[in-house]
Amino acid sequence: PCPGQDQVAKEGAGVPSPPAAQSSAAFGDQVLAPVLEPVRRGALPARYELRVLVSTPDGTPHSLVVRASPLSTPTGEDDEPAGPDVSYVGVVVDVTPQEQFEQELGELVNRYRLMTELSPDVIWVHQHGRLVYGNRAMARLAGATSDDDYERIVAQYYGTPITEITDPGEMEGVQER
């Protein structure tokens, strides 16, 4: 683990929202505080990767990833490091859009799963010719009468070649889809 990482494991720890009149430099100092604090206390150079939650002046939350790595500065003769002169190079990335996309994608997957589970039509999915998913209608077709039966039948048929569960006359159409 990176030094200082425990201090910001809680989202937004020590990072107040910037007031509207606050300068961007002061706000930058607040965002980078979890990295700068241990460095200013004399901690040994280390890599940092921290997540912080900040709010814009209008109150919109943003999730940021702050990454910093030490960059030794040769200052002695023959470009040898002389003393503890260490600089950091870093980047701050706003990952809010990615997190929003991941949340929306998860919601979409859950809606699709619910739709297929409740469909009265038999739905099954295969990968490389083997069954990887079957809905409740498929399980009922195979004899399921309860949730326990459904789970047992899906587990039983998982990985089964589709050629074993498909009418030979339907195989061409199944393989095309």
What residues form a side-chain hydrogen bond (donor to acceptor under 3.5 Å, both in side chains) with Glu107, not counting sequence neighbours? Gln103
If you compare all heavy atoms of Leu131 against all heavy atoms of Tyr133, which two are closest, and at what distance to 0.1 Å? CD1-O, 3.4 Å
Report the residues that fulfil side-chain hydrogen bond (donor to acceptor under 3.5 Å, both in side chains) with Gln100, sequence neighbours left out, ordered by chain and then residue number. none
By salt bridge (Lys or Arg N to Asp or Glu O under 4.0 Å), Asp149 pairs with (sequence neighbours left out) Arg152
Kindly compute the distance separating CG (Leu64) from CG (Leu53), expressed to the nearest 0.5 Å. 8.0 Å
Could you list all the salt bridge (charged side-chain N to carboxylate O under 4.0 Å, His left out) pairs where at least one residue sits in residues 61-71, not counting sequence neighbours? Glu49-Arg67
Show, in sequence, the C-alpha distance, side-chain angles and deciding distance for Asp94 and Thr96, and conclude whether the side chain to side chain donor-acceptor pair (under 3.5 Å) test is met. CA-CA 6 Å; Asp94 185 349; Thr96 306; 2.6 Å; yes
Just do the side-chain contact (heavy atoms from CB on, under 4.5 Å) check on Trp124 and Ile162 with the steps written out, would you? CA-CA 10 Å; Trp124 52 274; Ile162 59 171; 3.2 Å; yes
Looking at Pro120 and Ala137, what are the two nearest heavy atoms and their distance? O-CB, 3.5 Å
Any side-chain donor near an acceptor of the partner, Thr60 and Asp58, under 3.5 Å: yes
Given the rule that I, L, V, M, F, W and Y join up when any side-chain heavy atoms are under 4.5 Å apart, are Met138 and Tyr158 in one cluster? no
According to side-chain hydrogen bond (donor to acceptor under 3.5 Å, both in side chains), who are the partners of Tyr157, at least two apart in sequence or on a separate chain? none
Transitive ILVMFWY cluster of Leu118 at side-chain heavy atoms under 4.5 Å: who else is in it? Leu114
For Val92, which of Val66, Val54, Val52 qualifies under side chain to side chain contact (heavy atoms under 4.5 Å, CB included)? Val66
Checking Tyr112 now: which residues fulfil side chain to side chain contact (heavy atoms under 4.5 Å, CB included) with it, not counting sequence neighbours? Met115, Thr116
Can a donor-acceptor pair be found, under 3.5 Å and without considering hydrogens, that links the side chain of Ser55 to the backbone of Pro61? no
Output all residues satisfying side chain to side chain contact (heavy atoms under 4.5 Å, CB included) with Tyr88, sequence neighbours left out; order by chain, then residue number. Val39, Pro45, Tyr48, Ala68, Pro70, Val86
Members other than Val93 in its cluster, when Ile, Leu, Val, Met, Phe, Trp, Tyr link by side-chain heavy atoms under 4.5 Å? Val65, Val91, Val95
For Glu151, give me all partners under side-chain hydrogen bond (donor to acceptor under 3.5 Å, both in side chains), at least two apart in sequence or on another chain. none
To the nearest 0.5 Å, tell me how far His126 NE2 sits from Thr160 OG1. 13.0 Å
Non-neighbouring partners of Asn110 that pass side chain to side chain contact (heavy atoms under 4.5 Å, CB included), sequence neighbours left out: Arg113
Which residue pairs pass the salt bridge (charged side-chain N to carboxylate O under 4.0 Å, His left out) test when at least one of the two sits in residues 127-141, sequence neighbours left out? Glu117-Arg136, Arg136-Asp147
